[in-house]
Amino acid sequence: MKGMLVFYPEKCSGCNVCSIVCSAYHLGVINPDRSRIRVLRKEQENLDVVNVCVQCEEKFCIQACPFDALSVYPETGAIVVDHDKCTRCRLCIKACPYNGIILDPVLNQITICDLCDGDPQCAKYCPTEAIQFVHPLASKVAHEQNKTIITLTKQIIEDP
Amino acid sequence: MEEGYMSIHIEGGYAGKTLWVDLSKNKILTKDLDPELAVKYIGGRGFVAKLLFDLVDPERDPLDPQNPLVFATGPLSGIAPASGRFTVGARSPATGIHGDSNSGGDFAMELKHAGYDFIVITGKAQEPVYLSIQDDNVEIKSAKDMWGLTTHETFDHLREKEEDRNIKAVAIGPAGENLVATAAIIETESRAAARAGMGAVMGSKNLKAISVRGTKDIKLADYEAWKEAFEELLQVFLDDPMTSQVGRLLGSNFLHRVHSAHGTLIIENGHRGYATEEELEKVSAETILKYHVKGRSCFLCPIACTRSIYMESEKYGLIKGRGPEYYSIQSLTYRAGGWDTEAGIYLNKLCDAYGIDATTLPSNIAFAIDLYENGIITKEQVGGLELTWGNFEAIEEIIKSVAYRKGKIGELFAKSTKELIKEFGPESEWYALEVKGLTMPSNDPRAGNVYNMRYAIATRGADHLRVSVLSSGRSLKWDELPEDEAMRVFVHFETYVTLVNLFEVCNWAYSSYTSTPEIAEVKEKGMFKIYNAATGLNLTPEDFAKAAHRTILTERAENVRYGLRREHDYLPRRVFEEPLPINEKGDTKIFPREKFEKLLDAYYALRGLDPKTTAPKPQILKELEVHEIEEDLRKRGLIKGGEE
Ligand code: SF4
Ligand code: SF4
Ligand code: SF4
């Protein structure tokens, strides 16, 4: 199914279910650091936010890639990485304001949410419905909502 | 059978390595996890029990530098719903006996991802240090610049020093540094391993904090089976209103009303077991909801029972972050005779910042207030404080003084409960609600007799967490059953909770918040299934029950070496002699002493303990294949006879 992820920070309890099911589904192991979705928390400020590709309108990553290694997979709308073309320059990681991209330390591969081939595990198992998979028709609202990820991530990372 | 353990191959679930740190010699060692230990003790509390038994020399003082401090994760930490827990253990400076304490949060999973199932720390650093763990890079680093900081400040500092905001940590505050008997260990700002004075043990080693960052995989032997079990468990938490509604909307604070209805609250140091509606309107789950922003989860918890709060109080200013649990609120407010949620939230925050057990110190204060109000002690004896019921200013001053051992007040309340009894004289003993030196947190044993045998038999002192009533127990007319039948059910629950502790999943999630026997069964089976799916082993329910039994007996054996006997499995005298008002109608309850002794005998028989010495009998030690414990106790003359 085609759709996109949308995130509601006020619902998120920081439980990390999303990050472990993501790593388990793709790798057969549990590792939040290798997950395509990661949870940032700031306990004293009651803040929790996920870092994940939210299929943004701008596609900053594709724009930033000098080697043409990234593209949109038409079936799902997720970003796909052509590992043969990718040089691991990490410009995409820098360019994504959602912190959505990681370099998998074991596989040494650029790793981005693939929407689990249309059955997003994170949204399926999130116990609070903080992360949801929504129909493309709702994408306008979803894109707007997802901007909170950028603000919160900055707030958590930049503030000492 | 011994060789049988050598051939065990564990494919996943566990991290596989263990960390041994000697702070005196500045030495760090890694060893493989012993598969025999894994299978016999499963993890967490079980590992702690076995390691303390093996490594503590009972001749040494609790704060002797050579004594070990153990942090242990469980095989389910980080891979099952609600599995953010670890157990920390040492010979307790607060009670002198087996000490352990359990905390939630994210520390356990981070430690496992760094590759370690447990850490054993011995020795004492010459100067304040912290342990820095980044996967394989483990270093003892200076913490001179952190000594004296609150726990919150320490975590900020660690994030900067380690140049990583994703570190997880445990730390002590000033209370631990100053060897306060009720010093806690605080987990990355969100949780506490509060009881039994573990913070003081850390302080005695000059160890300010442990910072962990782990990026390794936790392997799963059978992904499909794991996934199935994980999904089932998650679903059961989402379906059961106890977890998805009560736990999530109210957190543990829903218990104020529940316990009041059962007449088992501890109000004014145990002179009343119920609260009036007017009182509950001042302190209960609803009053905290006013300041509630959202629920916070420990690792992988679908419930999120921790209250994240935002409180702008005229009196106490702005307070944010983790809010109080039921037990700290009750201890900080009505146990000391005051009904004010804002005060409870504020004082709880102070305790967290200073690294103080927000249950035990307040119960010591309530005890002192009771003595003061009854003319047993004078104003002079308590450093000039007006120790009246509900005097929150006095409580605040005590907490602040204790953290730094400031003045007479600080010195006095830095003491353990037993030391306080000694200080206040023999007449004071009657007022102390403690067992083995640890105070009881809420749940007065006069209402609900059988259930509250847990206080008498728990190996770390008056502990409400070693036995939890699952749903199947709630409808049970426990107190009306014949003693041995009642205790059979009791032992069943004790086994279940012990398993929860060995796997290191959450006691609340897996036991207290459970509404039907069917759900309890799904949870139990789910734990076993995840364990076997992750490890690739095939342990049976009997194997698990044996591991729980082994753990309990190992803790018992440790305590017997410290000189504990039947007379230490007591309840406070008041419980047998002073009727407790349990409702507004004027009904009262008491614990019949005769019944108590019978229940105790039934318990010993079921657990294979000698009814006089409480030492595990040779027969049961053989059955459970813990020959080394038998040998040790024999050598010390603590078991005799029973040889084949
Ligand atoms: S990776 Fe980042 S930049 Fe690229 S599409 Fe996803 S959110 Fe946008
Ligand atoms: S949709 Fe799938 S790949 Fe994307 S973050 Fe969620 S679980 Fe991971
Ligand atoms: S699973 Fe949901 S609630 Fe939990 S951390 Fe992820 S988004 Fe937040």
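Just so it is clear: chains get the letters A, B, ... in the order the sequence lines come, proteins before strands, and each one is counted from 1.
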State the [atom1]-[atom2] distance between [X] and [Y], to the nearest 0.5 angstrom.
| X | Y | atom1 | atom2 | value |
| --- | --- | --- | --- | --- |
| A:N31 | B:I218 | CG | CD1 | 8.0 Å |
| A:Y125 | B:E231 | OH | CD | 3.0 Å |
| B:D217 | A:R34 | CG | CZ | 4.5 Å |
| A:C15 | B:I303 | SG | CD1 | 11.0 Å |
| B:N166 | A:I157 | CG | CD1 | 8.0 Å |

Between [X] and chain A, which part of the residue has a heavy atom less than 4.5 Å away: side chain, backbone, both or neither?
| X | value |
| --- | --- |
| B:L300 | both |
| B:I309 | backbone |
| B:F237 | neither |
| B:L234 | side chain |

[X] and [Y]: which non-hydrogen atoms are nearest, and at how many Å?
| X | Y | result |
| --- | --- | --- |
| A:S13 | B:C301 | OG-O, 4.3 Å |
| A:R41 | B:S297 | NH2-O, 2.6 Å |
| B:Y223 | A:A24 | CE1-O, 3.2 Å |
| A:I30 | B:G78 | CG2-O, 3.7 Å |

Subject >> A:K94 atom NZ, neighbour heavy-atom count above 12 within 6.0 Å >> reply: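 Open: at most 12 neighbouring heavy atoms sit under 6.0 Å from NZ of A:K94.
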Subject >> A:R90 CZ: over 12 foreign heavy atoms closer than 6.0 Å >> reply: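 For A:R90, atom CZ is not crowded (no more than 12 foreign heavy atoms under 6.0 Å).
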Subject >> Test side chain to side chain contact (heavy atoms under 4.5 Å, CB included) applied to B:R213 and A:D33, step by step >> reply: CA-CA 10 Å; B:R213 187 69 180 90; A:D33 277 288; 2.6 Å; yes
**OP:** Evaluate the side-chain proximity of A:P127 to B:L238: yes if any heavy-atom separation is below 4.5 Å, no if none is.
**Re:**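 Yes - at least one pair of side-chain heavy atoms lies under 4.5 Å apart.
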**OP:** Please examine the side chains of A:V21 and B:K227, heavy atoms only from C-beta on, and report whether any two atoms are closer than 4.5 Å.
**Re:**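 SC-SC contact between B:K227 and A:V21 ruled out.
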**OP:** Could you tell me which portion of A:R38 (side chain, backbone, both or neither) has an atom closer than 4.5 angstrom to a non-hydrogen atom of chain B?
**Re:**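 When you check distances to chain B, no heavy atom of A:R38 falls under 4.5 Å.
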Original post:
For A:L40, is it the side chain, the backbone, both or neither that has a heavy atom under 4.5 Å from a heavy atom of chain B?
Top reply: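 Contact with chain B involves the side chain of A:L40 alone.
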Original post:
Top residue by heavy-atom pair count (under 4.5 Å) with chain A, among B:R248, B:K216, B:K294, B:K112?
Top reply: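 Of the options given, most contacts go to B:K294.
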Original post:
chain A: which of B:K320, B:M109, B:K219, B:R296 shares the most heavy-atom pairs with it under 4.5 Å?
Top reply: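 Sorted descending by pairs with chain A, the first entry is B:R296.
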**OP:** Apply side chain to side chain contact (heavy atoms under 4.5 Å, CB included) to B:I79 and A:I20, showing your working.
**Re:** CA-CA 8 Å; B:I79 68 166; A:I20 76 128; 5.8 Å; no
